[in-house]
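We're numbering straight along the sequence, starting at 1. Atom set for the values below is all heavy atoms of this structure, side chains included, hydrogens, waters and symmetry mates excluded.
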Amino acid sequence: MRKALGMIESIGITTAIAALDSASKAADITLIGFDKVIGVEKSVSITIHIAGEVAAVNAAIEAGVEAGNKVGRVVCSKTIPRPHEEVDFLIKEFEKNLKEKEAKKSK
């Protein structure tokens, strides 16, 4: 993968949606997955995973974090420019999980 991988972790679904909406509007990125876990301060934590060109992911992360913090709390964010090929496996798992979640919803 020669694209960048970006992640935004937030507390709560509303914060995550606001962050993703703003990130998607700010740059040409693709949602490749998300995780929902109970963990951060025993709250529901949502991490969105996005991919795209390095500059686009950086711009999207910046806009997403700003928007998310206006609604709730963004715990952390990270852009990994041009991740190592070994990270491709993880990205493919994110994409697979997202497709499975969408398939379950459509049933």
Side-chain angles (χ1 to χ4, degrees):
M1 173 183 207
R2 298 290 46 157
K3 294 182 176 183
L5 171 65
M7 297 160 284
I8 301 173
E9 182 177 5
S10 65
I11 303 295
I13 189 82
T14 306
T15 306
I17 291 171
L20 178 59
D21 180 59
S22 185
S24 298
K25 290 175 180 174
D28 183 23
I29 51 98
T30 302
L31 174 67
I32 59 170
F34 66 93
D35 295 309
K36 180 174 81 170
V37 297
I38 297 175
V40 177
E41 299 173 357
K42 297 188 180 183
S43 299
V44 176
S45 168
I46 309 289
T47 304
I48 59 172
H49 311 278
I50 60 174
E53 297 301 321
V54 176
V57 171
N58 281 333
I61 293 289
E62 185 177 315
V65 168
E66 184 178 335
N69 279 325
K70 288 180 181 177
V71 174
R73 180 169 166 231
V74 172
V75 178
C76 63
S77 64
K78 180 69 177 169
T79 299
I80 302 174
R82 295 174 296 283
H84 189 274
E85 293 170 359
E86 293 295 320
V87 179
D88 278 344
F89 174 76
L90 183 61
I91 292 168
K92 288 176 185 170
E93 285 297 310
F94 290 153
E95 290 174 336
K96 180 180 133 190
N97 290 343
L98 184 61
K99 288 177 184 173
E100 288 174 359
K101 289 174 185 177
E102 290 173 352
K104 286 180 184 178
K105 287 181 183 178
S106 65
K107 289 184 180 181

Residues 25-38 side chain polar contacts: donor-acceptor under 3.5 Å, at least two apart:
from: Lys25; atom 1: NZ; to: Asp21; atom 2: OD1; distance (Å): 3.4
from: Lys25; atom 1: NZ; to: Asp21; atom 2: OD2; distance (Å): 3.0
from: Asp35; atom 1: OD2; to: His49; atom 2: NE2; distance (Å): 2.8

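Under a hydrophobic clustering in which Ile, Leu, Val, Met, Phe, Trp and Tyr are joined whenever their side-chain heavy atoms come within less than 4.5 Å, directly or via other members, Val65 and Ile48 fall into the same cluster.
Residue pairs meeting the side chain to side chain donor-acceptor pair (under 3.5 Å) criterion with at least one partner in residues 58-71, sequence neighbours excluded, are Asn58-Thr79.
Shown here are the side chain to side chain contact (heavy atoms under 4.5 Å, CB included) partners of Ile80, two or more places apart in sequence or in another chain: Leu5, Met7, Lys78, Pro83. By the side chain to side chain contact (heavy atoms under 4.5 Å, CB included) test, Glu86 pairs with His84, sequence neighbours left out.
Contact check for Val74 versus Ile8: side-chain heavy atoms found under the 4.5 Å cut-off.
With rounding to the nearest 0.5 angstrom, the CD1 atom of Ile61 is 5.5 Å from the OG atom of Ser77. From Ser22, atom OG reaches atom CD1 of Ile17 across 13.5 Å, with rounding to the nearest 0.5 Å. A distance of 9.5 Å separates CD1 in Ile46 from OG1 in Thr14, rounded to the nearest 0.5 Å.
Smallest separation of non-hydrogen atoms from Gly52 and Lys3: O-CB, 3.2 Å. Contact detail for Pro81 and Ala4: the closest heavy-atom pair is CA-CB, 4.0 Å. Nearest heavy-atom pair across Thr15 and Ser10 is CG2-CB, 3.5 Å.
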